[in-house]
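Below you'll find the structure, written out as structure tokens, and then a few comments.
When reading the values below, keep in mind they use all heavy atoms of this one structure, side chains included, and skip hydrogens, waters and symmetry mates.
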Amino acid sequence: MVVVLGLSACAGPEDGGRRPEVAVSVSLPADPKAALEFGAGKLGTQSARVSFTLGSGGWPRETFGSGVVDATGTNYEITGESFVVRRIGDEVWLKLLKRPEGTPADQWFFHEKDLNKWMRRSVFNMDTSTTFSEGFPWKLPRRAVKNGSDFVRTGERAFKGATATDSEKITHFSAELDQAGRITRLGVGTAEPFDNLYEYTFSDFGTSVELQPPPAAEVIDVEYVDPLSTGFW
């Protein structure tokens, strides 16, 4: 029997008032690996709200942000502690809000007058950033599952396992899926609770992502913006 679940979250003004799509409940495969592959395969088929924390658990700097992203990952707006990134296709704008926590003043190379202005970037510039490089935000959960092993079910729709990073270092991960079989949380780290390296959460699947370019009067051109200096990498 198929059960239709209504999502209780309300859409915000940036979503044009439209509610996220309803979710159809599905049965997950009994095999943990197959269940996770099913969940990873659903990523990138719908827009969603995303939040992430990178570099927690004793790292020198944390990066975190939240916002909305469309299914293709080429249209999104993400707000962090010290920045806002807006991408519409191949056009990208970056707004710096303040000097990031943990960034010494002598390593902060931006003029105060440029804060709260939209700096025009390119997709190439963003691809130099680990966070916003090609495949954001679906690539990290997909990669964790693709490179995973030792999958174990820890709950009805919760799992853990081991995975390899790009440097081939073995780490551990935990993941949670919703009633529709979509990954709603994935944390990766070197030890339990598996979220001391990075953690992503996804919600409000199907939410509207309607973005407009910033007003021309608020846009400035700069020669180069180093992602490391803006509070994300």
Side-chain angles (χ1 to χ4, degrees), residues 7-23 36 38-55 62-97 118-146 173 175-178 180-188 195 197-214 225 227 230-233:
L7 298 181
S8 60
C10 295
E14 69 273 21
D15 302 321
R18 195 183 87 186
R19 290 179 177 272
E21 298 172 7
V22 296
L36 285 167
F38 179 84
K42 286 200 163 231
L43 293 177
T45 63
Q46 293 176 288
S47 60
R49 292 187 180 276
V50 57
S51 65
F52 58 85
T53 301
L54 299 160
E62 287 190 354
T63 297
F64 51 89
S66 62
V68 293
V69 59
D70 74 351
T72 68
T74 59
N75 297 282
Y76 55 75
E77 181 164 298
I78 303 295
T79 300
E81 175 200 22
S82 58
F83 65 88
V84 181
V85 176
R86 182 181 299 173
R87 176 175 176 178
I88 304 175
D90 290 336
E91 295 188 278
V92 183
W93 298 268
L94 170 65
K95 179 191 289 187
L96 300 183
L97 307 176
W118 290 99
M119 291 178 279
R120 201 188 316 271
R121 310 307 304 134
S122 70
V123 172
F124 171 78
N125 295 138
M126 301 311 292
D127 280 346
T128 66
S129 158
T130 300
T131 307
F132 294 101
S133 58
E134 184 178 2
F136 170 85
W138 320 116
K139 62 178 178 178
L140 292 178
R142 285 173 174 167
R143 186 172 61 198
V145 174
K146 179 180 178 181
F173 76 91
E176 298 171 9
L177 280 63
D178 67 4
R182 302 170 297 204
I183 292 178
T184 55
R185 176 194 173 277
L186 184 122
V188 174
D195 58 4
L197 182 57
Y198 67 76
E199 181 181 45
Y200 272 69
T201 62
F202 303 97
S203 62
D204 292 356
F205 291 95
T207 193
S208 178
V209 181
E210 299 179 3
L211 303 174
Q212 299 294 327
V225 174
T230 63
F232 60 90
W233 68 86

Trp93 and Leu211: side-chain contact (heavy atoms from CB on, under 4.5 Å), yes or no, with the steps? CA-CA 12 Å; Trp93 298 268; Leu211 303 174; over 6 Å; no
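- The CZ atom of Phe52 sits 10.0 Å away from atom CG of Leu140, with the distance rounded to the nearest 0.5 Å.
- Ring pair Tyr198/Tyr200 is perpendicular by interplanar angle, where above 60° counts as perpendicular and below 30° as parallel.
- The OG1 atom of Thr45 sits 8.0 Å away from atom CZ of Phe205, with the distance rounded to the nearest 0.5 Å.
- No side-chain donor-acceptor contact under 3.5 Å links Ser47 and Thr207.
- We find the CG-CD distance between Leu186 and Glu176 to be 9.5 Å, quoted to the nearest 0.5 Å.
- Here the shortest heavy-atom pairing between Asp178 and Thr184 reads CB-CG2, 3.6 Å.
- The CH2 atom of Trp118 sits 8.0 Å away from the CG atom of Leu94 when rounded to the nearest 0.5 Å.
- Residues Trp138 and Gly73 come closest through the heavy atom pair NE1-N, 4.0 Å.
- When all heavy atoms of Ala175 and Leu36 are compared, the closest pair comes out as CB-CD2, 3.8 Å.
- Of the possible donor and acceptor atoms, one in the side chain of Asn75 sits under 3.5 Å from a partner among the backbone N and O of Gly89.
- Counting only residues at least two apart or on different chains, the salt bridge (Lys or Arg N to Asp or Glu O under 4.0 Å) pairs with a member in residues 84-96 are Glu77-Arg86.
- In plain terms, the two heavy atoms of Pro213 and Ile88 that are nearest each other are N-CD1, 3.6 Å.
- The side-chain contact (heavy atoms from CB on, under 4.5 Å) test with Tyr76 is passed by exactly one of Val50, Val92, Val68, Val69: Val69.
- Distance check, rounded to the nearest 0.5 Å: CD of Glu81 to CG of Leu97 gives 9.0 Å.
- With sequence neighbours excluded, the residues that form a side-chain contact (heavy atoms from CB on, under 4.5 Å) with Thr79 are Val84.
- Checked by atom type and distance alone, the side chain of Arg142 pairs as donor or acceptor with a backbone atom of Leu43 at under 3.5 Å.
- Closest of all the heavy-atom pairs between Ser66 and Ser51 is CB-CB, 3.8 Å.
- Note: Thr201 OG1 to Glu199 CD = 6.5 Å, rounded to the nearest 0.5 Å.
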